[in-house]
Amino acid sequence: MKKIKKNQSPLSFSKKGKIRSDFANRVVAVVSKIPKGKVMTYGEVARKAGKAGASRAVGYWMSKNYDLKIPCHRVIRSDGKIGNYNRGGTKAKTALLKKEGAVL
DNA sequence: ATGCTGACGCTGG
DNA sequence: CCCAGCGCCAGCA
């Protein structure tokens, strides 16, 4: 038998069980899979989510769902710069990554 | 569908 | 570091 549906992680961006978008769910899954001490760019996340180039869409969900239930602070810009965090807490994000030992 | 917005990516200044 | 323009995409009114 085959698994009709994969695990529905509680991290998924959904409304009371209703999936908003497969894309959003994928993004959360990828980000939550980022190992500690490592960072992933929005572009990479979007690519793994199946939507290469949807870097904006990725950040969009972060801003809308920055529950901090996912290591969104491990998601940085392609330049290696921080980008944004919690409506402008770039400082906190930088310190957080440095503390974890992320290679910037 | 259309228009606007947004935690992007890149190039240029 | 900042800003401007263009291209990219998903979400929402």
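The chains referred to below are lettered A, B, ... by the order of the sequence lines, with proteins before strands, and numbering in each begins at 1.
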What's the [atom1]-[atom2] distance between [X] and [N], to the nearest Å?
X: A/Asp79; N: C/dC1; atom1: CG; atom2: C1'; answer: 13 Å
X: A/Asn84; N: C/dC1; atom1: CG; atom2: P; answer: 12 Å
X: A/Lys81; N: B/dT11; atom1: NZ; atom2: P; answer: 12 Å
X: A/Met62; N: B/dA7; atom1: CE; atom2: P; answer: 13 Å
X: A/Trp61; N: C/dA10; atom1: CH2; atom2: C1'; answer: 8 Å
X: A/Met40; N: B/dG9; atom1: CE; atom2: C1'; answer: 16 Å
X: A/Asp22; N: C/dG11; atom1: CG; atom2: P; answer: 10 Å
X: A/Lys48; N: C/dC9; atom1: NZ; atom2: P; answer: 21 Å

Review point. Of A/Tyr60 and A/Gly43, whose closest DNA chain B nucleotide lies nearer the 5' terminus?
Key: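 Result of the comparison: A/Tyr60.
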
Practice item. Select from A/Tyr42 and A/Ser78 the residue whose nearest nucleotide in DNA chain B is closer to the 5' end of that strand. Key: A/Tyr42

Point to revise | Candidates B/dA7, C/dC1, C/dA10 - which lies nearest the side chain of A/Cys72 | key: B/dA7

Review point. Of all the nucleotides listed (C/dA10, B/dA7, B/dG9), which has the minimum atom distance to the side chain of A/Asn86?
Key: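 Selected nucleotide: B/dA7.
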
Exercise for review: Show your working on side chain to side chain contact (heavy atoms under 4.5 Å, CB included) between A/Met40 and A/Val31 and close with a plain yes or no.
Suggested key: CA-CA 8 Å; A/Met40 185 74 78; A/Val31 176; over 6 Å; no

Exercise for review: Please lay out, stage by stage, how A/Tyr42 and A/Val75 fare under the test side chain to side chain contact (heavy atoms under 4.5 Å, CB included).
Suggested key: CA-CA 6 Å; A/Tyr42 290 97; A/Val75 187; 3.4 Å; yes

Point to revise | Partner nucleotide of B/dT11 by Watson-Crick or wobble geometry (both distances under 3.5 Å) | key: C/dA4

**Study point:** Base-pairing assignment for C/dC12 (Watson-Crick or G-U wobble, both under 3.5 Å)
**Key:** B/dG3

Practice item. Give a yes/no on whether any side-chain N or O of A/Arg77 is located under 4.0 angstrom from OP1 or OP2 of B/dA7. Key: no

Check your understanding: Shortest non-hydrogen contact from A/Phe23 to A/Val58?
Key -> CZ-CG2, 4.0 Å

**Study point:** Minimal non-hydrogen separation, A/Gly53 against A/Ala46, with atom names
**Key:** N-CB, 4.5 Å

Check your understanding: Has the side chain of A/Lys93 got a donor or acceptor atom that lies under 3.5 Å from a matching backbone atom of A/Gly83?
Key ->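 No: the side chain of A/Lys93 does not pair with the backbone of A/Gly83.
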
Check your understanding: So which one's nearest nucleotide on DNA chain C is more toward 5', A/Phe23 or A/Ser55?
Key ->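 Result: A/Ser55.
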
